[in-house]
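In what follows, a structure is listed as structure tokens, so that the remarks can point back to it.
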Amino acid sequence: MRERIVFAFDPFVIPFTLGMVFIILYLSVGGFKIIAKLSAEEKMKLLKHTFSFAIFKTLWDIIADCLLHIKIFKRNIRLGYMHASIAFGWFMLIFIGHIEVMLYTPQRMGVLYYPVFFRYFVMKTHETLRGDFFFFLMDLFLLIVLSGVGIAIYKRFRSAIVGMKRTTKLRTGDKIALYSLWLIFPLRLFAESFTAGISGGSFLTISINRVFNTFATNESLIQPVWWAYSLTLGAFLFALPFSRYMHIPTEIFLIWMRNSGIRATSSRDGYAESEIYSCSSCGICIDACPMAVKSENSKLTSVYYLRLMRRRLPESMNHADKCLMCGRCVEMCPVEIDSCKLKVLKREEEISEKRLRMAYLSEVHTNVNKSDVLYYAGCMTHLTPVIYNSLFKILQKSGILFSFMDKDGSICCGRPLMLSGDTYSAKELIEKNRQTIINSGAKTLLLSCPICYKVFKEEYDLPGIEVVHHTEYINRLLNEGKIALNKSGKSFVFHDPCDLGRGSGIFEQPREILMKAGELRFASEERGKSHCCGGSLGSLSLDKEERNGITKAALATLFENNPDELVTACPLCYKSFKNINGKPTADIAQIVAEQMV
Amino acid sequence: MIVEGKKKIWSEYQKDIPDDHYFYVRSCIRQNFFPASEKVFLDIVRDRLGLDFFETPHHTTCGGIAYHSDSIPQETLMTIVARQFALMTEAGYENYVCSCITSFGIYNEIINTWFHYPELEAKIRELLWEASKREFKIPKSVVHASDVIYKLRNKILENGKYRLVNKNTGEPLRVVEHIGCHYSKMFPSKGVGGAEYPYVLTGMAEAWGGTVIDYPERRHCCGFGFRQYLVQANRGYSLSNTHKKFESMAPFKPDMIITNCPGCPYFLDRWQYVIEELEGKTYGADSKGIPVFTYEEVAGLVLGYDPWDLGLQMHQTAVEPLLDKIGITYNKEDKYKI
Amino acid sequence: MNRFGYRLSPSSQIDLDVSDNSLFRQILAGEPGISTCISCGSCVASCSAGVFDKISFRKALHLLEAGMDTEAVALLEGCMMCGKCTLVCPRGINTRHAIVLIKRKLNKG
Amino acid sequence: MTDRVLIIGGGPAGLEAANQLNLLGYKPVIVEKDDTLGGHLAKWDRLFPEGESAETVLYKLIKPVEHTPVYLNTIVEQADKEGNHFRVKLSGGKEEIVSAILVCAGFSLFPAEKKEEYGYGIYNGVITSSDLEKWFKTGKGVNINNPSKVGFVHCVGSRDEKICNRQCSKVCCVTAVKQACEIKEKFPDSEVFCFYMDLRMFGRKYEDLYLKAQNKYRVRFIRGRVSEVSEDFTGKVVIKAEDTLSSKPLKVSLDLLVLMTGMISNSSIEELSGILSLNRAEDGFIEPADTITKMYDSGKEGIFLAGAVTGPKTIPETLSEARASALAIHNYLSNKAIQ
Amino acid sequence: MSCITRCPRKNGPGLIIQALRNLSQELGYFIDSEKGRQQLVLNRALCGNILNYGYCVYPRTFHYSDHPENGPVGKLIEDNLEAVHKRVGSNLDGEGPGILRKIPQSDLDELKRIFDVTGATERMEKIETISKKRAKELGLSDEEYCRQIFTINSEEHYI
């Protein structure tokens, strides 16, 4: 193998090179901008992470997510293969290309375009097993990539085959990048096949060479094909930053930052910016979003939010306000973009005046009598007293002394205020509750509302106090034999409240309880994928009809295997379902209290 | 404005005002701030029109201001009023005329209360006997002095020398009539023309050539409010009432204000001075303030009395511009000559 | 204090010709539901903060509609956003959304 | 000889009763003091809650009784019972022998000028709800051109001891909301206020009308009784009221103020009740024998009642009372025939 | 009393307020409110005038210093009271009928007896004693206490 073109240059490489230089510059400036916006502490984390063993886990994550797309495989095999084949295949083409250059034309190592157009610049002098091997690999990966592109083209017209009901429309930037992406590999195939006669090839390129023998060897056709190949590459690279495919490079950057523990602190800059650019507008979150049950609202799902944020358009506020904060899109997002957090940050920026608002708190003195277990009902449970009455029956039966912290009116746990964007005032509530809890000297803080549970767990600093939701607590009482249930003939379905399941990771305990209480049936979508009940406080601007629509959709999934009774563990879900569900609805504490021996 | 509508309402409130033989009772505030008005009143009815208006030196205040300032309980007020009636009965009169609107309201209120609670009247009779060994009869009719002048308005016009008409333009003067709240608001049937559009002052103004302005705040209180004025701390409330009235009448550019209660002219006049001092704002056509008169003063002007005999020098807001408009001759120098 | 010892006390009367309820109209645009409020007071009765502080969403709406923005917002200052009022509102008004809009509009000055 | 029945009052109650009596085989005779049938319904444009046209409703009532003898511009002068018949002298020298009398003289609208502080008949901008309805129907009566601010005052002449009508007239709240919507429909960029003490939207679909007025038409409901009305320099009507819900006194100047005049007893009922010796409540409405079970019975043998003569009513209630009275007359006459 | 004309239930809100004020004096609650405390200066001025002169308002006790709003004309009238009143024909402190005449002592005594018999005097004494007690609690001399209640307005009445 030796060089065919003297100065290893030909005008056709210019478009590609310009594209490459442009994208490298763009990425480095963007990357630098993001890092600059990070706080000093976050920069330290980044450094510490990069020079620690954890970096290998990040590398593995990058390979797993960006090349093999394991998460998408889990979701849908065909979709996974499509992504993996293109990503991994293309990576291998570049990688092996560099090896070929290194082996055969080491003097051209630094040249940017050389590995891509290797086949044009070299001439095959003699057969070597090693040469054939590499050529074989190159053709093999080219074939894999082509198969991926084939599925991608087919998917664009009938997205059902990859299990996606709805997806997003392509914008101009996306179209240019997509169509050029589709053309790159076929053109590469033709280009390499046309010069296969000169530079050699493997099973794929040589066979095509022979098929088009008549005009393949025609000298005048080789130039235009390589030109076309370079031009499409250039076009793709230039269009990349303005298209959804920008997520290819940015996701790597995102994984690196996420693994070093950085999270979004502003709605648009720093880590948030890299999240926004990592969104590939794939539209998986449209199907995930419970709001999308009403077609107009599907326009307000996270993918459209991130698009508007990317182009800094003010309409994004409507999306941020309407979002249920149920976390289902975050759960389903292949890139794990925490769009809920971004939207809360966006809401926070709307309340610019950070000042004390709860002056009255100083005059409030909730005197709580000392006891190990302190029960905090929260605002919502005050509207559903059946829950805490049942809970008290259970506690009395199991001989546990408890005191009722917010017996005459509760100071809110702070989460609804944080969700509305006023985290500054929420701290006042949190501080007040914190003092009351600590002064009470309790060991366990028992909660019946997952919304409170999540904020007590994440925002409150309660040293030496165990924060527990009543599902966990009842399950523990059952396992310790403090109480026992006699099985009723009834069949139950459990609805995972968003903040309990996705929000706090409690899935098993309620199910264990229900299995002891009767027959547990499955919902069509549950645990991490459980459908929001519609009553969520996360949404600010959803109106009554829209909420009822969501509730009905959730009920449909829950009553798939028509159980006798719907059981949930959150006062707000209970209240949302109770009004609309024809069948009996109960909180888990009720079931236990009724069927307690 | 559909004037016939008002005339229809006025026709429903016909009040019978006796022609003669009155037992006359003075008003504390009028004697203090507009003494000449009472003199002119008696001068007109007694000397000019020859009517019998008897005044006993033994009559006192009716105690109305003390009652409305919650200084004296209702029984005390009723006994004082009973004493006044006793004086009238002893003097052999049956028609009672008072010069103060607050008193007029007090008398109506008490007579009406006695009507509904005869046992209270009996108790007051005992108390009066115990205190002053006097017996009293409830007057056949209780009227206010402005009712009398209203009744005699055409007679006054006949003897009149001037009319409420702008001398050079010939147009009728734009008159704001302000009725004391206690005149007809408590008992609409006791006021000429009822509570919404009392006719007693309108009748006079129109009879003497003026046109009456109907501005939105025409029925609003002048702001006396008894304890709202008597205690300096509360005077801000009193001032704001008058301020509201003037702000409302300003666009109509009135030439003068005619009142029938002694308190109103004092406040409408003095508060204009205070508003000018505090807010630097004046009202009236040439923004030199709107002169305020009692009905007796206006009657006196129409009859050609010398303005300084009418006590107009005791007003704070200058009356000269209006006198010039009507064309009344007066000499400036002895305005303050004592 | 001036030499008179008192000042012209401002009238508490609202003049609807002059009062500027533009803030109310902005909130109305964001949450049209508030136009259907029937002043039943359920929100105030169920209010968590209402136990501790003089807070009243119903009265705030009225004051806003009369153009008295500062007094209205002062009534909403202590709101904990717990959403009970939205749950109990017989007209199905999203009261919580209205309160957020008010808080946001106010800070923009 | 089929029995003749005298129906005093040609409004909706009388017309419906006549139609029913015809169907039952009797010969009703209608006596109407005005020159047209239909009473107030004839002067109305649209009815609540869904804005049906009053004209079509009137047509439906008049059509079936077009052949029934009617005395227009006639009143009852004398009625004496003779055996089980009544000899009734009518004005204009006419006379009728009837076996039963149905009194459905209806109601009168409260004369708004009696509420002096509202300035009806004194300020041009002040009209009553019937004036407005007439204007919607014929465009005549009052002149309304593109008012930018319109006010509705509820309870004018109802629930007011001062004018001796302590009762609620039931229909004016719904009518006010209906007219408010109609005004907004006609003048979209006008601002409409309703001043009410209690909004009594008691019937079915009335609440929907109220809801539509609130969110579609953005009518502004202020809870406070208007205290006085006056005219400012520019001729606009200035009203004063207190918004009792924010306990703030307020004033506003309007181009048009509509007074929702209530229902008081029919002006001619005093004389009629004397003739038929019916007992009248102190507010002038006729007292039925039993306000729950016998609304149709006047307590006097052979004399029956229907419609608003016994108190404020909506048209559906009036029609059902008319049918009830027709049936009562039928029972009375048929078992009288047996004896 | 405009409220009486307007109440559709024929109530007299103004009279109710008056009754409440009397009640608060009878039960002694008046001392706890700023407006209630003012009752002392009102009683002294008004009842003083009635018992001493027979008039609710009397020129000699109507000092310009307490009533600056009387304006320059008021000052002029106060400075030459007798002359002005003579000019306008009033019978200031004169015998017999006439404007601002001297009311015979016998009539004033009758008024005093009426005050005693009907409970007005008792009411005045009650106001005096309770106010003196409060003045002592506040550590103010009688004169300072009167000055304070006569002039201080916390102005939170029109929110």
Side-chain angles (χ1 to χ4, degrees), chain C residues 9-45 54-76 89-95 97-98 102, chain D residues 147-151 173 177 180-181 184 189-201 206-224 226-228 230 232-234 236-255 257:
Chain C
S9 61
S11 159
S12 62
Q13 182 185 49
I14 305 162
D15 185 345
L16 291 186
D17 306 341
V18 179
S19 79
D20 147 33
N21 59 5
S22 49
L23 177 58
F24 177 77
R25 284 199 303 279
Q26 284 168 31
I27 308 298
L28 187 61
E31 181 47 49
I34 55 173
S35 67
T36 65
C37 169
I38 52 172
S39 315
C40 65
S42 310
C43 53
V44 179
K54 57 158 186 51
I55 172 169
S56 158
F57 177 69
R58 173 191 66 73
K59 200 160 189 193
L61 273 192
H62 286 289
L63 294 173
L64 266 185
E65 197 164 14
M68 309 181 70
D69 301 347
T70 34
E71 290 88 343
V73 170
L75 278 178
L76 294 176
C89 173
R91 275 294 217 229
I93 301 169
N94 190 340
T95 52
H97 185 216
I102 293 170
Chain D
S148 72
K149 278 198 191 148
V150 181
C173 272
V177 176
C181 294
K184 278 293 272 189
D189 41 32
S190 65
E191 225 185 316
V192 178
F193 300 83
C194 275
F195 295 93
Y196 67 95
M197 288 195 290
D198 308 293
L199 209 50
R200 298 187 166 182
M201 310 289 286
Y206 296 175
E207 193 69 20
D208 303 337
L209 184 64
Y210 176 38
L211 201 54
K212 193 168 81 173
Q214 280 185 309
N215 60 19
K216 182 173 178 219
Y217 293 114
R218 290 285 152 70
V219 171
R220 202 165 153 188
F221 289 89
I222 296 178
R223 191 201 178 276
V226 168
S227 76
E228 67 192 35
S230 46
D232 72 7
F233 188 65
T234 62
K236 279 187 173 235
V237 174
V238 180
I239 63 107
K240 284 164 91 171
E242 184 205 354
D243 175 356
T244 57
L245 295 173
S246 63
S247 53
K248 286 265 178 293
L250 63 85
K251 85 176 175 71
V252 66
S253 57
L254 307 167
D255 304 299
L257 187 69

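Sequence lines set the chain letters: A, B, ... in the order given, protein chains first and strands last, and positions in each chain run from 1. Below, each value reflects all heavy atoms present in this structure, side chains not excepted, and no hydrogens, waters or symmetry copies.
Using a 4.5 Å cut-off between heavy atoms, D:N215 touches chain C through backbone and side chain atoms alike. If you measure heavy-atom distances from D:F221 to chain C, you find no contacts under 4.5 Å at all. Of the two parts of C:L61, neither the backbone nor the side chain holds a non-hydrogen atom closer than 4.5 Å to a non-hydrogen atom of chain D. Of the two parts of D:L199, neither the backbone nor the side chain holds a non-hydrogen atom closer than 4.5 Å to a non-hydrogen atom of chain C.
Electrostatic pairing of C:R91 and D:E207 counts as a salt bridge here, judged by a charged N lying under 4.0 Å from a carboxylate O. A salt bridge does not link D:D255 to D:K149: none of the charged side-chain nitrogens sits closer than 4.0 Å to a carboxylate oxygen.
Of the residues considered (C:G33, C:C37, C:A60), C:C37 shows the highest number of contacts with chain D, using heavy-atom pairs under 4.5 Å.
Residues C:I34 and C:E65 form no side-chain contact, since every pair of their non-hydrogen atoms from C-beta on lies 4.5 Å or further apart.
Judged by distance alone, with hydrogens and angles left aside, the side-chain atoms of D:T244 form a donor-acceptor pair with the main-chain N or O of D:R223 at under 3.5 Å.
Judged by distance alone, the side chains of C:S39 and C:R58 never bring a donor and an acceptor atom under 3.5 Å apart.
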